[in-house]
Amino acid sequence: MSISNGLAKPMMNQITPRPTEEALARRLREAYRSGAIPPLRDSLDPSDWAGAYRIQEINTRFWESQGRRLVGRKIGLTAKAVQVQLGVDQPDYGALFADMAVPNGGELAPARVLQPKAEAEIALVLNADLHGPDVTPDTVRAATSHAVAAIEIVDSRIADWKITFADTVADNGSSGFFVLSDERRSLDGLDLFTCGMATEVNGTIMSVGAGAACLGHPLNAAAWLARTVRLRAGDVVLTGALGPMVALSRGDKVNAHIGGLGSVSFTLGSK
């Protein structure tokens, strides 16, 4: 027979364990199919860049194990104003896979993105491996086969783009898809510092900028990347936005024009 004094027993303090990095990586992968998720700040400190890159790497290795082919890297946060907004003093990077490429002039199905935005960039294609603490813009120039105009379709698995630095790093640098121009240009005689950029959406200019907006020079951004992560001959390097990114809606046609490099375009499908 049990006897009670009528008083509720005190509850023991229960601590909910924080999700592992593997669990956070899986949460981001599942968001591609199920929709945007809340920020990871309940489990990942906004300034924990090391943990965020480990999560990114978990997903990169997972996707490679599923047959996706790594073809390069993208650089983000190359604008000082955005770095200040996120409280950091460095860019970030993400992985580019072959199945992220959209043909120039092609169409991207809207079902493949969650909350897309477009930004015009200069892409470099390497003809030599590149890595190490002593990489400079001149080293990058020597290792570059050619440059092309590019559009990056950035996307976030974090709801409403309410990202911290750790969120965007863990989420593969908020990458989505990319488009490369068919016009290849040697870097010889090409001015990537003062070259102008204009991005049109449905025929209306929505963003303007210049090469200098990309960490002072696109080759500066590529040199930072090569000092940070190993690059391979044949890699595509998206060096970072030349101007503000533009939010997209279904049916939008995007054309980016970059001085000396020509134009590149794609359409976000309506269905």
Side-chain angles (χ1 to χ4, degrees), residues 36 74-86 91-92 94 96 100-124 147-163 168 171-183 185 191-218 221 236-271:
K74 60 143 293 179
I75 309 171
L77 307 183
T78 53
K80 288 296 183 183
V82 178
Q83 291 182 11
V84 170
Q85 179 183 350
L86 292 182
D92 71 348
L96 297 178
M100 294 165 62
V102 177
N104 185 23
E107 181 173 302
L108 175 63
R112 301 185 69 188
V113 289
L114 299 176
Q115 39 193 353
K117 302 182 180 186
E119 53 190 31
E121 306 191 15
I122 293 169
L124 306 178
V148 296
I151 298 171
E152 183 184 1
I153 300 102
V154 291
D155 199 9
S156 180
R157 273 54 63 179
I158 304 300
D160 301 318
W161 278 91
K162 293 182 178 178
I163 57 174
T168 190
D171 188 24
N172 198 27
S174 300
S175 63
F177 295 86
F178 64 95
V179 191
L180 301 182
S181 171
D182 301 320
E183 303 177 56
R185 295 286 187 268
D191 183 359
L192 299 184
F193 177 70
T194 63
C195 64
M197 178 279 294
T199 297
E200 297 176 275
V201 179
N202 303 323
T204 300
I205 294 178
M206 300 297 292
S207 179
V208 294
C214 179
L215 214 64
H217 195 291
V236 175
V237 177
L238 297 181
T239 56
L242 303 184
M245 56 187 177
V246 180
L248 300 178
S249 300
R250 293 186 179 212
D252 281 347
K253 182 173 182 179
V254 182
N255 283 276
H257 314 278
I258 300 176
L261 290 175
S263 301
V264 59
S265 68
F266 85 102
T267 299
L268 183 63
S270 57
K271 297 181 180 180

With side chains defined as the heavy atoms from C-beta onward, is the minimum distance between L268 and P116 less than 4.5 Å?
yes
Give the C-alpha distance, both sets of side-chain angles, the deciding distance and a yes or no for side chain to side chain contact (heavy atoms under 4.5 Å, CB included) between K117 and W161.
CA-CA 10 Å; K117 302 182 180 186; W161 278 91; 3.5 Å; yes
Gap separating the NZ atom of K74 from the CD atom of E119, nearest 0.5 angstrom
6.0 Å
Over all heavy atoms of both residues, which pair between A123 and V236 is shortest? Give the atoms and the distance, please.
CB-CG1, 4.4 Å
Please assess D155 against Q115 for the test side chain to side chain contact (heavy atoms under 4.5 Å, CB included), listing each intermediate value before the final yes or no.
CA-CA 6 Å; D155 199 9; Q115 39 193 353; 3.7 Å; yes
Here the pair of heavy atoms bringing S270 nearest to P110 is C-CG, 4.4 Å
Between CG of L248 and CG of L108, what distance do you get to the nearest 0.5 Å?
9.0 Å
State, yes or no, whether a side-chain contact exists between S265 and N104 at a heavy-atom distance under 4.5 Å.
yes
Over all atoms of both residues, closest heavy-atom pair of A120 and T199:
CB-OG1, 3.5 Å
Looking at every non-hydrogen atom in both residues, tell me the closest pair between C214 and A241 and how far apart they are.
CB-O, 3.9 Å
Gap between atom NE2 of H257 and atom SG of C195 - 0.5 Å precision
14.0 Å
One should read off an interatomic distance between F266 CZ and D252 CG, to the nearest 0.5 angstrom, of 8.0 Å
State, yes or no, whether a side-chain contact exists between L124 and T239 at a heavy-atom distance under 4.5 Å.
yes
Does one side chain, of S174 or S156, offer a donor that lies under 3.5 Å from an acceptor on the other?
no
Under 4.5 Å between any side-chain heavy atoms of F177 and R112, yes or no?
yes
Is any side-chain heavy atom of S175 less than 4.5 Å from a side-chain heavy atom of E152?
yes
If I compare all heavy atoms of M197 with all of L242, which pair ends up nearest, and what's the gap?
CE-C, 3.8 Å
When rounded to the nearest 0.5 Å, the distance separating CG of L114 from CG of D160 is 11.5 Å
Are N255 and E200 side-chain neighbours, meaning at least one heavy-atom pair lies under 4.5 Å?
yes
Between the CZ atom in R157 and the OG1 atom in T168, the distance rounded to the nearest 0.5 Å is 8.5 Å
If every non-hydrogen atom of P218 is compared with every non-hydrogen atom of G211, which pair is closest and at what distance?
CD-O, 3.4 Å
Is the backbone of K253 close enough, under 3.5 Å, to the side chain of N202 for a donor and an acceptor to pair up by distance?
yes
Short side-chain to backbone donor-acceptor contact, S207 and P244, under 3.5 Å:
yes
Considering only heavy atoms from C-beta outward, does the side chain of I258 approach that of I122 to under 4.5 Å?
yes
